[in-house]
Amino acid sequence: MVSVTLKDNAVRQYETNTTIAQIAKSLGEGLYKDACAAKLNGKLVDLRTPVTEDCSLEILTFEDELGKKAYWHTTSHVMAQAVLRLFPEAILAIGPAIDNGFYYDFGLNRTLNTQDLEKIESEMKKIIKEDLLIERFEMSYDEAINLMKEKNQIYKIELIEEHASKGEKLSFYKQGDFIELCSGPHIMSTGRLKSIKLLSCTGAYWRGDAKGPMLQRIYGISFPKASELEKYLTAVEEAKKRDHRKIGRELELFDLFEEGPGFPFFLPNGMVLRNTLLDFWHKEHDNAGYVEVKTPMILSKELWLRSGHWDHYKDNMYTTMIDDEEFAIKPMNCPGGMLVYKNKPHSYRDLPMRVAELGLVHRHELSGALHGLMRVRCFTQDDAHIFMTPNQIEEEIMGVVNLIDKFYSTFGFKYHIELSTRPEDSLGTDDQWERATQGLKNALDNMGKDYKINEGDGAFYGPKIDFHLEDCIGRTWQCGTIQLDFQMPERFDLSYVGEDGEKHRPVMIHRVVFGSIERFIGILTEHFAGAFPLWLAPEQIRILPISDRLHNEAQNVKDMLKNAGFRVTIDTRSEKVGYKIREAQLKKIPYMLVIGDKEVETGTLSIRSRSEGDLGAMTIDDLTKILKKEIKEKEIK
């Protein structure tokens, strides 16, 4: 017998070699039907796994992130099986679960169209209805190679050889006549899948290598309930309406051109929005005790070798030759920040030293990964590097958390926090990593912050705290991050003179709030659907004279409002006022001021709000007071 400790700390006894699926069934038929995977002693495993010793066990359903991934991964296998039934010549590549659903890459001698996706989806529903049992088994290297050669699956052969070279076991999953190389886990049968939808088909290079073969990637989604699928598809449609690329063009904020793929162009309205954000950033950082620097965009290869970025990041860096020496365009600001610190000696009295930089960085992203402002090849990071003594770690972490909270609250974002620990490919000693990780945990615990731990997902030089903000339609975006670093000060031989008169090594924090200014603007554009709060709106007020003869009066009003600090324009077109109002609404202008003979006679303005409609008549002085208060308090309507 074995003792199994469940999630609620209840302990149950089972015969040795009882499978996790059988344990789930013993706990309830509902749990058994909903089960997707499990955690056995903290390790993700298949439901088919036998329990051979005393253990802790957590049954994962679709409500759990890892259970959801198993569900979606299984759906990708069903899609691959359907594609092979319809197109036997298809060559299978890979088909993982992703953050929202799954995809599978195929080698095909034809381009799939919408009708093909409908046929594939229909075939998938047949496979689900067949309720095929999903079985896991292992195979020797020779058997696996021969099987894949028979099926002409060249990409699978490459993957098998790679697994074998690492000494890894070759596990496969079988459902009906479909066999797939896969480490799992998967749900118990195809019949457990319910509501599915194929979403799109795009091109994708094999293993993301632009020199490799071009494949076809089909994206899909699935849910245990039809209502969940319907809700998801409604959200997708809402996201399309909020697409920042579309709104950016309509509101003349920014655009992307073929002449600069991944290099966004900001238009006049976009620059007003951007500069307003940066003015806010500068003010809050000044209040929080930061100084600002600017470091060069191009620095020598030697610097990037010293920092460790060349060994870990060179494939994403743009390089150039200057005077027969290799240089790199900076993909991050950190090494330049180290040189700033080394510019002069420091005492413990100088610390903490909070140094901020709005640095333009360049990273080589594959063309297929580019997406509006969300994934670009050049962007401005609102970086800061905080140099401190070891006993200042927790206090400085808390200061950054409070600053990030103030920023996100201003925009109305909710957020959750994740703490990522040491990855396999890392620098430094066990002791350094333990001290760094504990420092982050202590700061969050002392502030009473809830957080999730991501084991092994830290940066190569230190653990980190990530902030995932949630927009108004429930999507999450990772923006702010705090990374504690013992390695960079070591590599650059940074020091300060302590109270004892001796030299000591400072500890360093890397942190961003917006993350990428460009990406944050993209997120804000979708969050507000272009209807920015008054303080952020590129055009805050539009004056609408009802006839040409009132243009002088409109100009006088504009001059007064502009002198009061507002961004204001006049619609001088010879159009009816109703048309002008609709146009202003489409351009998401927060306030519209209608001027007619009555308004001139009474010395008032007829006010319309984008969010509240007709507000009635008001004097300029009264309007100015109301709008200044709205801007000062950064109200969101």
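All heavy atoms count here, side chains included; hydrogens, waters and symmetry mates do not.
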**Request:** Could you label the plane-to-plane angle of the H186 and H77 rings as parallel, tilted or perpendicular, counting under 30° as parallel and over 60° as perpendicular?
**Result:** tilted
**Greater than 12 external heavy atoms within 6.0 Å of Y14's OH** = yes
**Prompt:** Hey, does R377 have a side-chain heavy atom less than 4.5 Å from the side chain of L370?
**Reply:** yes
**Prompt:** Do the rings of F254 and H244 sit parallel, tilted or perpendicular, given the 30° and 60° boundaries?
**Reply:** tilted
**NZ/NE/NH1/NH2 to OD/OE distance under 4.0 Å, R85 and E130** = yes
**Asked** When you check the side-chain N and O atoms of Q81 and E180, is any donor under 3.5 Å from an acceptor?
**Response** no
**Item:** Test item: N100 and Y219 side chains (from C-beta on) under 4.5 Å apart, heavy atoms
**Value:** no
**Request:** May I ask you to decide whether E228 forms a salt bridge with K231, counting only side-chain N to carboxylate O separations under 4.0 Å?
**Result:** no
**Prompt:** Would K125 and E121 pass as an ion pair if we require N to O under 4.0 Å?
**Reply:** yes
**Asked** If you look at every heavy atom in D64 and E58, which pair is closest and at what distance?
**Response** OD1-OE2, 4.3 Å
**Prompt:** If you look at every heavy atom in G359 and N333, which pair is closest and at what distance?
**Reply:** CA-OD1, 3.5 Å
**Request:** Answer yes when R207 and E162 have at least one side-chain N-carboxylate O distance shorter than 4.0 Å, and no when they do not.
**Result:** yes
**Request:** Would you check if there is a donor-acceptor pair between the side chains of T18 and E15 at a distance under 3.5 Å?
**Result:** no
**Asked** Does E230 CD have over 12 foreign heavy atoms under 6.0 Å away?
**Response** no
**Prompt:** Is the shortest heavy-atom distance from the side chain of V2 to the side chain of C55 under 4.5 Å?
**Reply:** no
**Prompt:** Does a donor on one side chain sit under 3.5 Å from an acceptor on the other, for S516 and Q381?
**Reply:** no
**Message:** Are more than 12 heavy atoms, taken from residues, nucleotides or ligands other than K301, located less than 6.0 Å from that residue's NZ atom?
**Reply:** yes
**Request:** Take T202 and Y103, measure what side-chain contact (heavy atoms from CB on, under 4.5 Å) needs, and give me the verdict at the end.
**Result:** CA-CA 10 Å; T202 64; Y103 71 76; over 6 Å; no
**Message:** Could you go through L199 and Y232, starting from their C-alpha distance and side-chain angles, then the distance that decides it, and tell me whether this counts as side-chain contact (heavy atoms from CB on, under 4.5 Å)?
**Reply:** CA-CA 12 Å; L199 302 172; Y232 175 83; 4.1 Å; yes
**Asked** For the ring pair F106 and Y104, is the centre-to-centre distance below 6.0 Å?
**Response** yes
**Request:** Test the R192-Y32 pair against the cation-pi criterion, namely NZ or CZ under 6.0 angstrom from the six-membered ring centroid and within 45° of the ring axis.
**Result:** yes
**Message:** Looking at R48 and I134, would you say the former's side chain and the latter's main chain have a donor-acceptor pair under 3.5 Å?
**Reply:** yes
**Asked** Is the H362 ring parallel, tilted or perpendicular to the F263 ring (thresholds 30°, 60°)?
**Response** tilted
**Step-by-step side-chain contact (heavy atoms from CB on, under 4.5 Å) determination, F413 to I523** = CA-CA 11 Å; F413 287 121; I523 292 168; 4.0 Å; yes
**Message:** Can you tell me how the ring of H364 sits relative to the ring of Y318, calling it parallel under 30°, perpendicular over 60° and tilted otherwise?
**Reply:** perpendicular
**Message:** Within the structure provided, determine whether M317 and I329 are in side-chain contact (heavy-atom separation under 4.5 Å).
**Reply:** no
**Prompt:** Looking just at side-chain N and O atoms, do E418 and H416 make a donor-acceptor pair shorter than 3.5 Å?
**Reply:** yes
**Item:** Minimum heavy-atom distance between A97 and K69, given as atom pair plus value
**Value:** CB-O, 3.3 Å
**Request:** Please step through salt bridge (charged side-chain N to carboxylate O under 4.0 Å, His left out) for the pair D471 and R242, ending with a clear verdict.
**Result:** CA-CA 11 Å; D471 68 16; R242 293 170 177 267; over 6 Å; no
**Residue pair D34, I59: steps toward the side-chain contact (heavy atoms from CB on, under 4.5 Å) verdict** = CA-CA 9 Å; D34 292 342; I59 310 291; over 6 Å; no
**Complete:** Nearest heavy-atom contact between C479 and V512 is O-CG2, 3.7 Å
